[in-house]
Chemist: 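The structure's right below; bear with me while I get my questions together.
A note on names: the letters A, B, ... follow the listed sequences, proteins ahead of strands, and every chain is numbered from 1.
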Amino acid sequence: GAVVSQHPSRVICKSGTSVKIECRSLDFQATTMFWYRQFPKKSLMLMATSNEGSKATYEQGVEKDKFLINHASLTLSTLTVTSAHPEDSSFYICSASRSYSYNEQFFGPGTRLTVL
Amino acid sequence: SQKIEQNSEALNIQEGKTATLTCNYTNYSPAYLQWYRQDPGRGPVFLLLIRENEKEKRKERLKVTFDTTLKQSLFHITASQPADSATYLCALAGNQFYFGTGTSLTVIP
């Protein structure tokens, strides 16, 4: 149990385009979903926290207009990187939790975004 | 600002020995601390959670300690196996959530 999927696993796009990444909890209802980004050999940086049906809470320094998060249901959250630039290239990972806290997060496999 | 440090970026140990990983933090008082395992190109996998009022937690070959006075957590893997080779991340949780930088563990057969 507690499986989280992400789609796509890899995406390459041109600078200026927008990319949508999906995060799904396959066998449980996720009260909270989190989005992280990870640079090579660096730790995960929390970008935002979202609860179903409400606006995402963004961490300091994360542009909400750049990284649009939609949490449409208890099993689906999407992250849209708008007008992507090469510096947005990174590994984006989502996680899902059954609670409203940071307790026991189940992580997706990640999405490798490369912006040319 | 908060700072989380995990001992040496890389740790190599012989199979069968006990691996001990350290997580030190400053400028933060977490309500609980978590340990995760991450394999290359994959998302982290939750291993253990220990609360601020708990001293020690065990799960199979894993043991975690939490010293809020020293602001330190130790993560032990006993009878280590090559399959334990991965990056291990500590994470602090309270009002906010922070991951440590990770320690890459290699268990040598």
Side-chain angles (χ1 to χ4, degrees), chain A residues 1-10 21-26 28 30 32-50 57-62 77 79 90-114, chain B residues 1-11 21-25 27-52 54 57 59 62 64 73 75 86-106:
Chain A
V3 179
V4 175
S5 70
Q6 276 184 245
H7 179 81
S9 57
R10 290 178 179 272
I21 303 169
E22 289 187 350
C23 177
R24 292 180 185 272
S25 56
L26 299 184
F28 69 101
T32 310
M33 284 186 167
F34 305 89
W35 285 96
Y36 297 83
R37 67 185 298 183
Q38 186 175 31
F39 292 103
K41 297 190 177 181
K42 298 289 185 183
S43 192
L44 288 82
M45 183 192 79
L46 179 62
M47 298 173 67
T49 302
S50 73
T57 301
Y58 290 81
E59 296 297 306
Q60 194 172 10
V62 178
S77 176
L79 167 69
S90 189
F91 192 50
Y92 291 88
I93 310 176
C94 72
S95 72
S97 171
R98 292 186 177 95
S99 70
Y100 285 102
S101 71
Y102 301 110
N103 259 342
E104 198 171 352
Q105 297 173 47
F106 299 98
F107 283 80
T111 296
R112 174 73 61 191
L113 170 64
T114 302
Chain B
S1 62
Q2 89 300 333
K3 188 175 178 182
I4 308 167
E5 284 187 346
Q6 293 190 237
N7 65 320
S8 64
E9 281 190 20
L11 180 65
L21 285 65
T22 305
C23 177
N24 294 298
Y25 59 94
N27 298 330
Y28 195 58
S29 295
Y32 53 92
L33 187 147
Q34 304 175 34
W35 283 90
Y36 289 83
R37 168 185 173 140
Q38 186 176 24
D39 291 285
R42 308 292 295 175
V45 174
F46 172 80
L47 297 175
L48 281 168
L49 180 153
I50 186 165
R51 300 186 186 280
E52 60 178 339
E54 297 176 313
K57 212 67 165 298
K59 180 183 176 182
L62 308 180
V64 172
S73 174
F75 177 76
T87 295
Y88 291 86
L89 303 162
C90 67
L92 308 181
N95 292 329
Q96 293 174 294
F97 187 75
Y98 303 104
F99 268 104
T101 50
T103 297
S104 176
L105 173 68
T106 301

Chemist: For A:Phe91, is it the side chain, the backbone, both or neither that has a heavy atom under 4.5 Å from a heavy atom of chain B?
Modeler: side chain

Chemist: Provide the closest heavy-atom pair for A:Tyr102 versus B:Gly94 in the form atom of the first, atom of the second, distance.
Modeler: CE1-O, 3.6 Å

Chemist: Does A:Tyr36 use its side chain to pair, donor to acceptor, with the backbone of B:Gly43 at less than 3.5 Å?
Modeler: no

Chemist: Can you tell me how far apart CD (A:Glu59) and CZ (B:Phe97) are? Round to the nearest 0.5 Å.
Modeler: 10.5 Å

Chemist: Quick check on B:Glu54: does its CD atom have over 12 non-hydrogen neighbours (other residues, nucleotides or ligands) under 6.0 Å away?
Modeler: yes

Chemist: For B:Gln34 and A:Gln105, test the side chains for any donor-to-acceptor distance below 3.5 angstrom and give the result as yes or no.
Modeler: no

Chemist: Between A:Gln6 and chain B, with a heavy-atom cut-off of 4.5 Å, which part of the residue counts as in contact: side chain, backbone, both or neither?
Modeler: neither

Chemist: Contact part of B:Gln96 toward chain A, heavy-atom cut-off under 4.5 Å: side chain, backbone, both or neither?
Modeler: both

Chemist: Please look at A:Phe34 and chain B and tell me whether the side chain, the backbone, both or neither of the residue comes under 4.5 angstrom of a heavy atom of that chain.
Modeler: neither

Chemist: What heavy-atom pair brings B:Phe99 and A:Ser43 nearest, and what distance separates the two atoms?
Modeler: CB-OG, 3.1 Å

Chemist: With a 4.5 angstrom heavy-atom cut-off, is it the side chain or the backbone of A:Ser95 that approaches chain B, or both, or neither?
Modeler: neither

Chemist: Name the region of A:Ile93, side chain, backbone, both or neither, that has any atom closer than 4.5 Å to a heavy atom of chain B.
Modeler: side chain

